[in-house]
Amino acid sequence: MDKSSNGARMTRSAPTCEVALPRPVYQTFTYILPEEIHRRARPGMRLRVPFGKREAIGCIDTVSEGEPSGRVRSALELLDPEPILSPELLDICRWVARYYVAPLGLVFRAALPPGLLAESADESDGGGLVRKVLRLSQHLPTLEERERVFGRAIRQREAFEALEELGGASTLVELEGQGFSRSVLGGLVKRGVADLSEERVERDPFRGLEPSAEPRHQPTPEQAHVIEHLTGMLGESAPGSALLRGVTGSGKTLVYVRLIERALESGRGAILLVPEISLTPQTVQRFRAAFGDAVAVLHSGLSAGERLDAWQSLRDGRKRIAIGARSAVFAPIHDLGVIILDEEHEGSYKQSETPRYHARAVAAVRCQREAALCLLGSATPSLESWSNAQSGRYTLLELPKRVTDHPLPHVQLVDIRGGESPRSNGGSGTRAPGGPALSGPLREAIEGRLEKGEQCIVLLNRRGFATFVQCENCGKVWSCEHCNVSLTYHRRQQTIICHHCGFRERPPVHCDECETRISYSGIGTEQVEQRLGDAFPAARIARMDLDTTATKWSHFRILERMRQREVDILLGTQMIAKGLDFPEVTLVGVINADVGLNLPDFRASERTFQLLSQVAGRAGRGAEPGEVIVQTSRPGHFALRAAVEHDYMGFAGRELDDRLEPGYPPHRRLANVVVSGRSETRVTDLAGLLADWTRGLIRSRSLDGVDVVGPAPCPIDRLRGRWRWHFLLKSDGPRRLGSVLRYLAVHHGQPSGDLRIEIDRDPESLL
Ligand code: ADP
Ligand code: ZN
């Protein structure tokens with residue numbers, strides 16, 4: 001018995017509750033409920049409790065009259081007059097915790113707006129912080145004047161241009177993150193080209209925007225048929241799931257809008273999930289045009305206070321439609337009619353940290369429990385959804401043609417193997433092995449578009465200037481100190497950077513081992529931008545990748561410039577492939593389709609096919625037909641051939657066959673168990689031990705049908721200073737796999753020291 005610390009005591013038949021704390025532990029914690037708390041306490045309310053020597057805020061899972069056993073302390077304060085999690089949401093959170101083998105408190109935290117389950121008070125941000133913002137002045141030096149203004153202050157000029165690229169304003173923190181020092185940034189203010197100010201919360205551009213005056217189209221007969229079918233499902237007592245496979249430009253958005261209208265008419269609410277909200281301003285705008293104030297946009301770009309407002313407006317029923325990325329699947333909507341996942345195949349629907357839930361799976365389960373309809377839309381459905389549609393578990397609906405009746409764009413593969421000899425680049429020694437950045441056909445095609453005043457999109461799914469920094473003589477490759485990956489050269493910032501942990505250093509001048517000169521190879525978007533600029537000096541080029549979209553609304557600004565036709569060539573990573581609808585884009589160029597194809601991951605072909613189909617779908621959406629040019633050194637690869645033919649079914653058939661023998665999804669269920677830590681031997685030992693233990697468990701508990709593969713080093717076997725080994729579990733069905741994972745978590749979930757175990761059920765990637 002403990003009498004020492006705050007309120008700890010043993011009591012007979014005192015009411016208690018189980019509290020889930022937002023911590024990486026699998027159990028809930030028992031607390032005694034003092035009389036005045038007990039009277040009001042219900043599951044789903046937040047509770048302040050003592051925890052160790054500190055306090056914590058958790059969420060009540062269950063309340064019981066039972067007798068506490070052992071040392072139990074008293075809860076301190078009830079924080080909510082009403083549960084913040086409804087019984088339905090509690091229920092779905094418990095399902096997520098159980099299925100993904102994740103701590104319930106972390107699931108609650110993921111389901112709630114940020115700050116509500118903060119570990120400590122200072123983590124929550126009441127309504128936006130004050131930020132120091134650097135903003136370009138009204139009168140900017142022209143290109144010629146820049147020489148004079150900046151003179152030899154090269155870094156200041158670079159900072160100036162970085163700021164320009166970021167849309168003219170950025171926070172100091174973010175610019176510093178790009179490698180510019182305070183004194184360099186201060187120099188811009190001294191020269192009078194920029195001003196420093198303190199700003200509270202940045203404006204949400206969605207809010208200020210007049211909903212664009214979209215004409216209210218009449219559905220085509222194909223759309224009308226799909227809408228009718230879905231409306232029928234909406235009225236059923238167990239609507240189930242439907243997959244809408246509609247080619248790019250087939251008008252899926254209008255189907256979503258009409259379906260939500262039907263739900264609202266019958267008094268029910270709706271959730272629309274999009275892969276990444278800042279990349280899909282057009283989709284959001286269409287919904288705002290259709291539904292105005294009934295829409296709440298849940299957006300990570302909002303401050304914590306703004307998000308809380310949006311969330312509360314849904315919970316109160318003032319708004320009935322939630323739009324957001326994956327976490328919006330937990331939006332507090334009563335009487336839910338439908339959840340729609342646009343681009344359902346997107347990997348970003350899977351959370352890459354605990355709880356590692358997939359919004360598609362959560363949506364399906366939530367809909368089932370709340371008798372709502374789950375609609376998945378895509379031009380290139382995931383193989384999981386496709387096989388569910390094939391087997392009849394999902395209703396399959398199709399929109400095989402574009403609304404405009406134009407054909408899908410013509411796609412041409414250009415073989416870049418040993419094409420042109422590597423071109424030297426302004427004396428910097430940069431070259432592009434594996435082919436030129438711009439092949440003859442692509443260059444001519446862009447030229448033709450520029451002459452006609454049409455827009456182009458150019459994709460390369462790799463940022464930076466060059467992805468390999470290597471000694472020409474001894475072959476040494478510069479790699480990260482903390483990760484087993486090579487460093488990428490970023491020319492503007494004059495650094496080499498690890499894209500996994502952010503480690504950065506100055507690029508080498510010559511090899512420190514054999515003093516030979518350095519070569520840079522493997523082209524990235526920064527270099528493509530330069531090549532395009534060299535080839536088409538008059539063209540207005542905008543680059544959109546992680547480096548140019550560091551600030552909150554920078555995506556939005558770049559896309560807005562594109563829409564206003566202030567940009568001729570939009571260049572970028574996969575960010576530019578999604579849901580954009582620019583009718584003047586008639587050409588899409590892919591610099592190198594092999595980038596994703598060569599990844600050591602079982603979804604490499606699927607991802608490549610999807611990306612190519614998506615980006616190709618940006619071309620020819622208006623009156624003029626579209627053309628797509630894909631550069632590759634693997635022109636015979638079936639995923640590329642299928643993309644050329646717009647042959648989804650052909651691709652899916654072949655890929656499903658290929659996955660049969662190794663037992664990859666959707667044929668079998670997968671879980672990836674990753675062991676990591678700072679000592680390589682301890683990681684290897686523990687991975688071996690756990691894999692053996694799991695095999696033994698499967699035998700002794702007769703959990704047949706679950707196989708253990710491995711252990712082996714992860715494809716990236718060192719990340720942020722931690723060694724990583726993994727083993728895979730493959731299972732014929734979900735149930736037994738779940739049992740094995742839960743045993744594993746309970747018995748070995750918290751290893752000692754700095755060792756860690758991560759369980760990733762239904763992984764999107766095995767890297
Ligand atoms: P998807 O999402 O399937 O790629 P969108 O929903 O973006 O396609 O629609 C493609 C284009 O067709 C948009 O510009 C949209 O405004 C237009 N559109 C959709 N439905 C109709 C219709 N019934 N009549 C005329 N235009 C339509
Ligand atoms: Zn690193």
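Note that the coordinates shown come from a computational prediction; the quantities given were computed from them, not determined experimentally. As the structure lists them, so they are numbered: ligands from 1, and atoms in each ligand from 1.
Compare Arg286, Lys252, Glu222 by their heavy atoms: the one nearest to atom 7 (O) of ligand 1 is in Arg286. Nearest to atom 24 (N) of ligand 1 by heavy-atom distance, out of Arg618, Gln614, His217, Arg216, is His217.
Judged by the shortest distance from any of its heavy atoms, Val247 lies inside the 4.0 Å radius around the atoms of ligand 1. Taking a 4.0 Å cut-off on heavy atoms, Ser250 registers as neighbouring ligand 1. Within the structure, the closest approach of Arg402 to ligand 1 does not fall below 4.0 Å when heavy atoms are considered.
Close contacts between ligand 1 and Gln218 involve ligand atoms 22 (C), 23 (N), 24 (N) [criterion: under 4.0 Å to a heavy atom]. Of all atoms in ligand 1, numbered sequentially from 1 with element shown, those under 4.0 Å from a heavy atom of Thr248 are 4 (O).
At least one side-chain heavy atom of Pro508 sits under 4.5 Å from a side-chain heavy atom of Ile496.
Aromatic rings of Phe468 and Trp478 (six-membered ring for Trp) have centroids beyond the 6.0 Å cut-off, not under it. Aromatic pair His499/His490: centroids less than 6.0 angstrom apart.
A salt bridge is defined here as a Lys NZ or Arg NE, NH1 or NH2 lying under 4.0 Å from an Asp or Glu carboxylate O, and Glu398 with Arg245 meets this definition. A salt bridge between Glu560 and Arg557 is absent, with no side-chain N of the basic residue lying under 4.0 Å from a carboxylate O of the acidic one. Classification of Glu454 and Arg449 as a salt-bridged pair holds, one side-chain N sitting under 4.0 Å from a carboxylate O. Residues Asp512 and Lys476 are paired through a salt bridge, judged by an N-O separation under 4.0 Å between the basic side chain and the carboxylate. The pair Arg540-Glu566 does not count as a salt bridge, with every side-chain nitrogen at least 4.0 angstrom from each carboxylate oxygen. Ion pairing between a basic and an acidic side chain is recognised when a charged N comes within 4.0 Å of a carboxylate O; Arg268 and Glu261 show no such pairing.
Inclusion of Cys498 in the first shell of the Zn ion (ligand 2) is supported: an N, O or S atom falls under 2.8 Å. Residue Cys483: an N/O/S atom is found under 2.8 Å from the Zn ion (ligand 2). Among the atoms of Cys480, an N, O or S atom is found under 2.8 Å from the Zn ion (ligand 2).
Polar contact check, Gly251 against ligand 1: a nitrogen or oxygen pair lies under 3.5 Å apart. Between Gly246 and ligand 1, a contact under 3.5 Å exists for no N or O pair. Ligand 1 has an N or O atom lying under 3.5 Å from an N or O atom of Asp581, backbone or side chain.
Heavy atoms of Pro583 found under 4.0 angstrom from ligand 1: none, in either backbone or side chain. Counting heavy atoms closer than 4.0 Å to ligand 1, residue Thr220 contributes atoms from both its backbone and its side chain.
Taking CD1 from Ile339 and CG from Leu273, the interatomic distance works out to 6.5 Å, rounded to the nearest 0.5 Å.
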